[in-house]
Amino acid sequence: MKKNKAKKSSKMNGLPWILPAFIFVVGIIYYSIFYTFDLSTLNWNGLDPIQTKVGISNYTKVFSDWVFWKAITNTIVYFIVTFLVQNFLGFIFAAILHTKVKLATLHKCLIFIPTILAPATMAPVFRLLFSPQGLLQDIFNVFHLGITVDWLSKSNSALIILMMIAVWQFTGMSFILYYAAMSQIDKEMLEASHLDGAGNIRTLFSMVLPNCKGTIISLAMLGIIGALKTFDIPYLVTTGGPNHATEFLGTYIYRQGIRQSHLGYAAAISVVLLVLAICGALLINRMNKGEES
């Protein structure tokens, strides 16, 4: 009996430590999710006291909305391109800085600094850089290249510029995770591969890369979730234009819910976004378990 009481008391002693986090998660986050579900069944502008129940009509409207599908397409393209480029660059930078490089600490800082810069502070810089009156245009004019920097105003180039910005900003995260993963690889294994006649490139992609599989999966999961909730840079640089060429689910939710006061419709898109994020995370997790088995 005394042992049972001791176990119960030890469990109760830990309760006060987890209670604040438990209250926060259940009382704020989960409540907000369920409230969004309820809100998605309404036709409401967020201010009118009259709330009209419309059932699933907001969801049927979502799946027949071409702007929604354009945002999905942009998200898929954005994720694939940025994930591949960021991972390739991060992996190569990490491999190089695991060799004897002068001023290695400085290089690490230069690669990682863009990751910690606030998008709100960098967005005006990029808008000015890619403006027809910006620095890049001045450089082209000096060399008489005849190039007009109006890429943010063109549908076929605006998304490319945003992906370039994302690669610049988040390659540092890929780099730091790959660098940490490579630090855990047994050096004797690498030395053995060199003794067997494998060159640096063969060792890198046949020995080092497979040992970074966990990092790749983690970055894929973060990349999917990050692409689905992308908002700051697209909204601050292009506001989703031109002609929705850089529209993402986050910017479209903001446009519908805040700018146009279609709160119920914006909530329905938010629910779809949540479902897509969960499905993406489960898919990556399933792929990871399949490879482990």
Side-chain angles (χ1 to χ4, degrees), residues 24 28-29 32-33 36 46 67-68 70-72 74-79 81-83 85-87 89-90 93 108-139 149-155 157-177 219 221-263 266-267 269-270 273-274 276-277 280:
F24 176 78
I28 297 179
I29 297 177
S32 300
I33 292 173
T36 303
V67 180
F68 168 79
K70 179 65 176 176
I72 291 290
N74 290 340
T75 301
I76 294 172
V77 173
Y78 179 89
F79 165 71
V81 173
T82 57
F83 175 75
V85 177
Q86 287 169 17
N87 275 264
L89 292 177
F93 288 156
K108 293 174 189 175
C109 292
L110 291 175
I111 295 171
F112 191 71
I113 279 175
T115 306
I116 62 176
L117 295 177
T121 61
M122 295 309 300
V125 176
F126 287 114
R127 291 190 67 172
L128 181 61
L129 179 65
F130 294 106
S131 167
Q133 293 80 36
L135 176 63
L136 197 58
Q137 184 66 71
D138 292 339
I139 294 173
V149 184
D150 56 351
W151 302 321
L152 290 176
S153 62
K154 292 183 178 180
S155 299
S157 58
L159 184 60
I160 297 174
I161 299 299
L162 292 185
M163 290 189 291
M164 290 171 57
I165 296 172
V167 168
W168 171 83
Q169 185 176 16
F170 295 113
T171 294
M173 179 62 69
S174 301
F175 157 73
I176 207 70
L177 292 178
L219 287 169
M221 187 175 296
L222 291 173
I224 289 174
I225 296 173
L228 286 171
K229 65 185 187 71
T230 296
F231 172 78
D232 39 21
I233 289 295
Y235 186 78
L236 293 172
V237 176
T238 62
T239 64
N243 193 28
H244 303 287
T246 58
E247 197 78 79
F248 290 84
L249 291 175
T251 59
Y252 196 43
I253 290 169
Y254 179 83
R255 188 189 307 278
Q256 290 292 331
I258 305 300
R259 301 289 294 275
Q260 300 181 11
S261 298
H262 298 157
L263 209 61
I269 303 174
S270 300
L273 172 59
L274 175 63
L276 290 174

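- Residues Leu276 and Thr75 fail the side-chain proximity criterion, which asks for heavy atoms closer than 4.5 Å.
- Evaluated for a ring-ring contact (aromatic ring centres under 6.0 Å, His included) with Phe248, the options Tyr78, Phe231, Phe79 yield exactly one hit, Tyr78.
- Applying the side-chain hydrogen bond (donor to acceptor under 3.5 Å, both in side chains) criterion to Lys70, with sequence neighbours excluded, gives no partner residue.
- Met173 CE to Leu222 CG: the interatomic distance, rounded to the nearest 0.5 Å, is 7.5 Å.
- Within the model, atoms OH of Tyr254 and OH of Tyr235 stand 4.0 Å from one another, a figure rounded to the nearest 0.5 Å.
- For the salt bridge (Lys or Arg N to Asp or Glu O under 4.0 Å) condition, no pair includes a residue of residues 110-124, sequence neighbours left out.
- Considering only residues two or more places apart in sequence or on other chains, Lys229 meets the salt bridge (Lys or Arg N to Asp or Glu O under 4.0 Å) condition with none of them.
- In terms of the side-chain hydrogen bond (donor to acceptor under 3.5 Å, both in side chains) criterion, residue partners of Thr246 (sequence neighbours excluded) are, by chain and number, Thr238.
- Annotation: salt bridge (Lys or Arg N to Asp or Glu O under 4.0 Å) contacts of Asp232 (sequence neighbours excluded): none.
- Minimum heavy-atom separation, Ser155 to Asn243: OG-CB, 4.3 Å.
- By the ring-ring contact (aromatic ring centres under 6.0 Å, His included) test, Tyr252 is found to be paired with no residue, residues two or more places apart in sequence or in another chain being considered.
- Residues Ile253 and Ala266 come closest through the heavy atom pair O-CB, 3.7 Å.
- Of all heavy-atom pairs between Gly46 and Leu263, the closest is CA-CD2, 3.6 Å.
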Anything under 3.5 Å between a donor and an acceptor, one on a side chain of residues 122-132, the other on a protein residue two or more places apart or in another chain? List them.
from   : atom 1 : to     : atom 2 : distance (Å)
Arg127 : NE     : Val237 : O      : 3.4
Arg127 : NH1    : Leu236 : O      : 3.3
Ser131 : OG     : Gln133 : N      : 3.2
Ser131 : OG     : Gln133 : OE1    : 3.2

Could you go through residues 157-169 and list every donor-acceptor pair under 3.5 Å that involves a side-chain atom there, pairing it with any protein atom two or more places apart or in another chain?
from   : atom 1 : to     : atom 2 : distance (Å)
Ser157 : OG     : Trp151 : O      : 2.6

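- Contact check for Thr239 versus Thr251: no side-chain heavy atoms found under the 4.5 Å cut-off.
- Side-chain atoms of Thr36 and Leu274, non-hydrogen and from C-beta on, never get closer than 4.5 Å to each other.
- For His244, the ring-ring contact (aromatic ring centres under 6.0 Å, His included) partners at least two apart in sequence or on another chain are Trp66.
- Separating the OG1 atom in Thr230 from the CD1 atom in Ile225 is a distance of 11.5 Å, to the nearest 0.5 Å.
- Residues forming a side-chain contact (heavy atoms from CB on, under 4.5 Å) with Phe93 (at least two apart in sequence, or on another chain): Leu89, Ile111, Thr171, Phe175.
- The ring-ring contact (aromatic ring centres under 6.0 Å, His included) check on Phe24 picks up nothing, with sequence neighbours excluded.
- Sorted by first then second residue, the salt bridge (Lys or Arg N to Asp or Glu O under 4.0 Å) pairs that include residues 244-255, not counting sequence neighbours, are Glu247-Arg255.
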